[in-house]
2 protein chains.
Amino acid sequence: MLNSQSALDLMFQALADASRRSMVERLCRGPASVSELAAPLAMSLPAVVQHLQVLEASGLVRSEKVGRVRTCAIQPAALRAAETWIHERRLFWEHRLDQLGAFLAEQGDEDKGRTP
Amino acid sequence: MLNSQSALDLMFQALADASRRSMVERLCRGPASVSELAAPLAMSLPAVVQHLQVLEASGLVRSEKVGRVRTCAIQPAALRAAETWIHERRLFWEHRLDQLGAFLAEQGDEDKGRTP
DNA sequence: GCAATACTTAAGTACATGCTTAACAGTCAG
DNA sequence: CTGACTGTTAAGCATGTACTTAAGTATTGC
């Protein structure tokens, strides 16, 4: 791998941790400060900040510091990218299933005609 | 974290690697043997098997050995679970945006009435 | 100014991940 | 039976991840 991380790598990696997902869920309900994000999590503040950095690197979250408080907000476009990837795979798979169904149906018809 | 991995952790973790995603993409086009999955990847067979184990642990892929060849197939229900999680967050966020829009519109009306 | 607030930085630790090579094991064709 | 084919197991290594504590730095309220 050696640090050639694609956007999807960073995105899914960011979502692959329950603490980070709970931060995302919190942010879906509106912006929050670092302390607010940390409150429900059983870990030190620096740990939360590190998770936040992962989320920012993935593009899922953006933050801005005003005075002494850093306010974090979710970045929905990034969420959509991950959703799209998964959705497309699933569509492709379902398309294949349709083809398979058609193939089997055709086979069934042939069998009917050939071996009555 | 300490090994208490939820289904979503395993799922997103599995998708957070380009090699594994390419294996998933390959499997969306139909079942494949381990060697077939390995062919386009620039790594040893054991490495591919390890990725396969991650995919199986996540529920994204299932495999069965017949004779000396192990055939792998995608498990679409698992894909749908990941898609659903993301989709729900996005819906929640969009709902919030709607509320915000309504709020701002209302504020605008009030301002119009109050400061003409 | 001074102390509390809200982070930030640095350093260290334990464990997980993504590979590798080497050696092994079951299956099938001739 | 033998040898090629397809995978499996084991061991090891370099790097990455998820924390920790301790010590710092701006901001802000009094």
Side-chain angles (χ1 to χ4, degrees), chain A residues 1-24 26-27 30-73, chain B residues 1-24 26-27 30-73:
Chain A
M1 205 96 305
L2 284 179
N3 90 7
S4 65
Q5 308 255 82
S6 82
L8 279 174
D9 286 60
L10 294 171
M11 177 87 68
F12 285 127
Q13 185 74 280
L15 291 176
D17 180 283
S19 304
R20 285 194 292 266
R21 281 200 308 279
S22 85
M23 291 168 74
V24 167
R26 167 63 187 81
L27 291 176
S33 71
V34 175
S35 313
E36 283 169 344
L37 284 179
L41 300 174
M43 65 179 69
S44 67
L45 200 64
V48 172
V49 171
Q50 282 168 34
H51 281 306
L52 195 55
Q53 286 168 354
V54 173
L55 288 170
E56 291 209 53
S58 78
L60 277 169
V61 167
R62 196 177 286 182
S63 75
E64 194 189 1
K65 194 164 184 176
V66 174
R68 63 185 167 183
V69 43
R70 175 173 297 279
T71 302
C72 312
Chain B
M1 205 99 304
L2 285 180
N3 90 8
S4 64
Q5 309 256 84
S6 81
L8 279 173
D9 286 59
L10 295 171
M11 177 88 68
F12 285 126
Q13 185 73 285
L15 291 175
D17 181 282
S19 303
R20 284 195 291 266
R21 281 201 308 279
S22 86
M23 290 168 74
V24 167
R26 168 62 189 80
L27 290 177
S33 72
V34 174
S35 313
E36 283 169 345
L37 285 179
L41 300 174
M43 65 180 70
S44 67
L45 199 63
V48 172
V49 172
Q50 283 167 31
H51 280 305
L52 194 55
Q53 285 167 354
V54 173
L55 288 170
E56 292 209 52
S58 78
L60 277 168
V61 168
R62 198 177 285 182
S63 76
E64 194 187 2
K65 195 163 183 177
V66 174
R68 62 185 167 183
V69 44
R70 174 172 297 278
T71 301
C72 311

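Everything numeric in this text was worked out from a predicted model, so none of it was measured. To find a chain, count down the sequence lines: A is the first, B the second, and so on, and within it residues start at 1.
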Undergrad: Mind running side-chain hydrogen bond (donor to acceptor under 3.5 Å, both in side chains) on A:Ser63 and A:Glu56 for me, showing each step along the way?
TA: CA-CA 8 Å; A:Ser63 75; A:Glu56 291 209 53; 2.7 Å; yes
Undergrad: Could you give the distance from CG (A:Leu37) to CZ (A:Arg26), rounded to the nearest 0.5 Å?
TA: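 Reported value, rounded in 0.5 Å steps: 6.5 Å.
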Undergrad: Counting side-chain heavy atoms from CB outward, which of D:dT8, C:dC7, D:dT20 is closest to A:Pro46?
TA: D:dT20
Undergrad: Nearest whole angstrom, please: distance from the P of D:dC13 to the CD of B:Gln50.
TA: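 The answer, rounded to whole Å, is 16 Å.
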Undergrad: Specify the separation, in whole Å, of atom CE of B:Met43 and atom P of C:dT17.
TA: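 Answer to the nearest Å: 16 Å.
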Undergrad: Nearest-Å distance, CE (A:Met23) to P (D:dC19)?
TA: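 For the pair A:Met23 CE and D:dC19 P, the rounded distance is 11 Å.
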Undergrad: Give the minimum heavy-atom separation between A:Leu52 and A:Cys72, together with the two atoms involved.
TA: CD2-SG, 3.6 Å
Undergrad: Would you mind reading off the distance between A:Leu52 atom CG and D:dA18 atom C1', rounded to a whole angstrom?
TA: 15 Å
Undergrad: In terms of side-chain heavy atoms of B:Val69, which of C:dC19, D:dA18, D:dT6 is nearest?
TA: D:dT6
Undergrad: Is any side-chain N or O of B:His51 closer than 4.0 Å to OP1 or OP2 of C:dC19?
TA: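 Checking C:dC19 against B:His51, a side-chain N or O does come within under 4.0 Å of OP1 or OP2.
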Undergrad: Expressed as a whole number of angstroms, how long is the span from A:Asp9:CG to C:dG18:P?
TA: 10 Å
Undergrad: Tell me whether the OP1 or OP2 atom of C:dT5 has a side-chain N or O from A:Ser35 closer than 4.0 Å.
TA: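 No, A:Ser35 has no side-chain N/O under 4.0 Å of OP1/OP2 on C:dT5.
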Undergrad: Can you tell me the distance, in whole Å, between the CG atom of B:Asp17 and the P atom of D:dT15?
TA: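 Distance check: B:Asp17 CG to D:dT15 P gives 18 Å.
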Undergrad: Does C:dC7 have its OP1 or OP2 closer than 4.0 Å to a side-chain nitrogen or oxygen of A:Ser33?
TA: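 Yes.
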Undergrad: Provide, to the nearest angstrom, the distance between the CG atom belonging to A:Leu45 and the C1' atom belonging to D:dA23.
TA: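 These atoms are roughly 14 Å apart.
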Undergrad: Please report the distance, rounded to the nearest Å, between CZ in B:Arg70 and P in C:dG26.
TA: 14 Å
Undergrad: More 5' along DNA chain D: A:Gln13 or A:Ser44, using each one's nearest nucleotide?
TA: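 Result of the comparison: A:Gln13.
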Undergrad: Which distance, rounded to the nearest 0.5 Å, do you find between the CE of B:Met23 and the CG of B:Leu55?
TA: 5.5 Å
Undergrad: So which one's nearest nucleotide on DNA chain D is more toward 5', A:Ala42 or A:Val66?
TA: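 The residue whose closest nucleotide sits nearer the 5' end is A:Ala42.
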Undergrad: Look up atom CG in A:Leu8 and atom CG in B:Asp17, then write down how far apart they are to the nearest 0.5 Å.
TA: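 Interatomic distance, A:Leu8 CG to B:Asp17 CG, rounded to 0.5 Å: 11.5 Å.
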Undergrad: Hey, does the side chain of A:Lys65 come within less than 4.0 Å of C:dT8's phosphate (OP1/OP2), counting only N and O?
TA: yes
Undergrad: So, under a plain 3.5 Å distance rule, would you say the side chain of A:Arg68 forms a donor-acceptor pair with the base of D:dT27?
TA: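 When only heavy-atom distances are counted, A:Arg68 does reach the base of D:dT27 through a donor-acceptor pair under 3.5 Å.
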